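Okay, so here's the structure we're looking at.
Predicted model, so just to flag it, every value in this text is computed and none were measured. Every number for a ligand or one of its atoms is a count from 1 in the order of the listing.
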Amino acid sequence: MDPFLKKFFPDVYAKEHNIKPTDNQYCKFDSQVLTLFTSSLYLAALVDSIFASKVTRAFGRHLTMISASVLFLAGAALNGFAQQVLMLISVPIYVSEVAPYKYRGALNMLFQLAITIGIFVANILNYLFAKMENGEGWHYSLGLARVPAIMIIIGAMFLPDSPNSLIERGQAEKAKEELIKIRGTNDVDEEFKDLVAASEASKQVKHPWSSLLKSEYRPHLTMAIAIPFFQQLTGMNVITFYAPVLFKTIGFGGTASLMSAMITGDCNALATLVSIFTVDKVGRRKLFLEGGAQMFICQLVIAAAIGSKFGTDGNPGVLPKWFALTVVVFICIYMAGFAWSWGPLGWLVPSEIFPLEVRSAAQSVNVSVNMIFTFAIAQVFTAMLCHMKFGLFIFFAFFVIVMSIFIYKFLPETKSVPIEEISLVWENHPYYNEFVKSSAQKKKIAAPYSQV
Ligand SMILES: OC[C@H]1O[C@](O)(CO)[C@@H](O)[C@@H]1O
């Protein structure tokens with residue numbers, strides 16, 4: 001919003017308004033201070049994520065969620081915006097632990113659905129508040145973060161802790177009661193036995209962080225780093241954070257830019273729904289690969305459209321209608337591809353592939369890596385656009401190819417595997433089986449897992 005730019009980033013505002021149509025448009029918003037406003041949140045989240053696994057292991061997922069939401073509210077009240085990383089660490093694990101395994105994918109993906117609905121609602125509110133005549137709209141855009149914070153506090157109060165986490169903290173009886181409540185049946189003995197066994201195995205691991213570095217956890221560590229890295233290298237947050245900047249750069253007016261951000265935000269949320277209904281039927285791998293192919297094609301089309309009009313000198317002349325339409329439509333299809341693959345699977349897969357003994361530590365790594373690259377992309381986007389021009393989209397397309405090959409070759413399918421039996425997935429994997437199995441045998445961990 002112009003009043004916001006004028007108040008906090010007067011140089012950017014001046015540059016945007018003094019630029020001539022014949023100047024290089026790619027660099028209109030190139031400002032490291034402007035991007036720091038967005039990226040700094042992820043820097044704070046990164047610091048947080050280093051401590052978060054200790055907190056959730058010691059106090060359980062439930063208390064962590066409540067305290068995180070209180071912090072979120074405090075942050076929202078202080079400066080109108082706070083991103084609470086404790087949530088990112090505890091929520092996906094919590095959902096994967098309490099969900100019946102047949103619906104684990106769908107239920108876990110509701111987390112990403114909530115994120116995308118949040119983004120969509122924010123886009124709508126920005127569009128509406130930008131219209132306020134007194135120029136005060138941005139106060140509302142930032143301050144309304146209090147509303148979800150309050151919703152989370154109230155919601156979290158009604159949740160039980162996860163049985164896995166209760167057992168991990170020595171409260172087996174309470175864990176069984178919770179399991180009976182969550183499953184709605186007394187017939188939980190089998191599952192409870194598996195949970196206790198998995199917890200016993202996990203207790204043999206005293207230091208989850210250093211354990212994570214051992215060779216038997218190499219596949220897990222690889223995934224904890226590669227999945228969030230690749231998720232951010234799809235380039236999704238270039239669109240999520242900077243859609244209005246991007247649309248303004250390629251010639252849309254202020255209102256049209258916010259409106260287009262609203263439309264694409266809608267595609268993101270709706271497409272996430274698709275993944276919820278399909279993930280437990282078609283599995284994780286197929287969604288990853290289909291989403292990747294879709295994003296790749298769209299990125300090439302967007303690069304070609306922008307390249308054909310803006311060239312390398314960033315000077316488009318008169319922009320035809322087809323141009324705006326092509327860009328918005330293909331950004332939407334691209335976002336849909338992300339929204340039913342890397343978006344939700346980036347949370348689901350790490351929350352279900354780690355054995356309990358290293359689960360919170362590995363999830364911490366997952367979130368930290370996610371935050372590092374969210375930060376990096378948020379920080380360098382305007383400079384990248386200025387220097388790489390339309391090639392920016394080809395850059396991300398390249399990574400989409402690399403990540404798809406990675407998934408095809410290395411990611412085991414986890415559909416329909418109970419979370420307590422996840423070690424079997426690694427032991428049966430053609431690439432990882434050897435060293436996961438041999439080190440498990442070496443340590444003589446009595447296999448607590450029944451066959452899938
Ligand atoms: O839908 C877009 C959003 O999804 C994520 O990639 C994962 O939750 C976020 O980094 C991004 O802002």
Problem set entry | Gln232: numbered ligand 1 atoms lying under 4.0 Å from its heavy atoms | 6 (O), 10 (O)
For this session: Distance to 0.1 Å, residue and atom name: give those for the protein heavy atom nearest to atom 6 (O) of ligand 1.
Result: Phe338 CZ, 3.2 Å
For this session: Decide yes or no on ring-ring contact (aromatic ring centres under 6.0 Å, His included) for Tyr242 and Phe247, but give the supporting numbers first.
Result: CA-CA 8 Å; Tyr242 296 114; Phe247 288 129; over 10 Å; no
Problem set entry | Verdict with reasoning, Ser416 to Asp280, per side-chain hydrogen bond (donor to acceptor under 3.5 Å, both in side chains) | CA-CA 7 Å; Ser416 299; Asp280 291 312; over 6 Å; no
Exercise. Under a 4.0 Å N-O cut-off, is there an ion pair linking Arg169 with Asp161?
Worked result: yes
Exercise. Should Glu413 and Lys286 count as an ion pair when the cut-off is N to O under 4.0 Å?
Worked result: no
Exercise. What residue and heavy atom of the protein are closest to atom 10 (O) of ligand 1, and at what distance?
Worked result: Asn237 ND2, 2.9 Å
Exercise. Which residue supplies the protein heavy atom nearest to atom 8 (O) of ligand 1, what is that atom called, and how far is it?
Worked result: Gln112 OE1, 2.6 Å
Exercise. Does a donor on one side chain and an acceptor on the other come within less than 3.5 Å for Thr272 and Gln112?
Worked result: no
Exercise. Is any side-chain heavy atom of Pro355 less than 4.5 Å from a side-chain heavy atom of His220?
Worked result: yes
Exercise. Under 4.0 Å from any heavy atom of Ile115, which atoms of ligand 1 are there?
Worked result: 8 (O)
Problem set entry | Sub-4.0 Å atoms of ligand 1 with respect to non-hydrogen atoms of Ile119 | 1 (O), 2 (C), 3 (C)
For this session: Go through ligand 1 atom by atom and flag the ones less than 4.0 Å from a non-hydrogen atom of Trp347.
Result: 7 (C), 8 (O)
Exercise. Hey, is Trp342 one of the residues with a heavy atom under 4.0 angstrom from ligand 1?
Worked result: no
For this session: Measure the acute angle between the ring planes of Trp426 and His429, then classify it against the limits of 30° and 60° as parallel, tilted or perpendicular.
Result: tilted
Problem set entry | Contacting atoms of ligand 1, where contact means under 4.0 angstrom from a heavy atom of Thr116 | 1 (O)
For this session: Show which atoms of ligand 1 fall inside a sub-4.0 Å distance from at least one heavy-atom site of Gln231.
Result: 6 (O), 7 (C)
For this session: Assign the ring pair Phe410 / Tyr432 to parallel, tilted or perpendicular, where the plane angle (0 to 90°) is split at 30° and 60°.
Result: tilted
Problem set entry | Protein contact to atom 1 (O) of ligand 1 [nearest heavy atom, distance to 0.1 Å] | Asn268 ND2, 2.9 Å
Exercise. Numbering the atoms of ligand 1 from 1, which are under 4.0 Å from a heavy atom of Thr240?
Worked result: 2 (C), 12 (O)
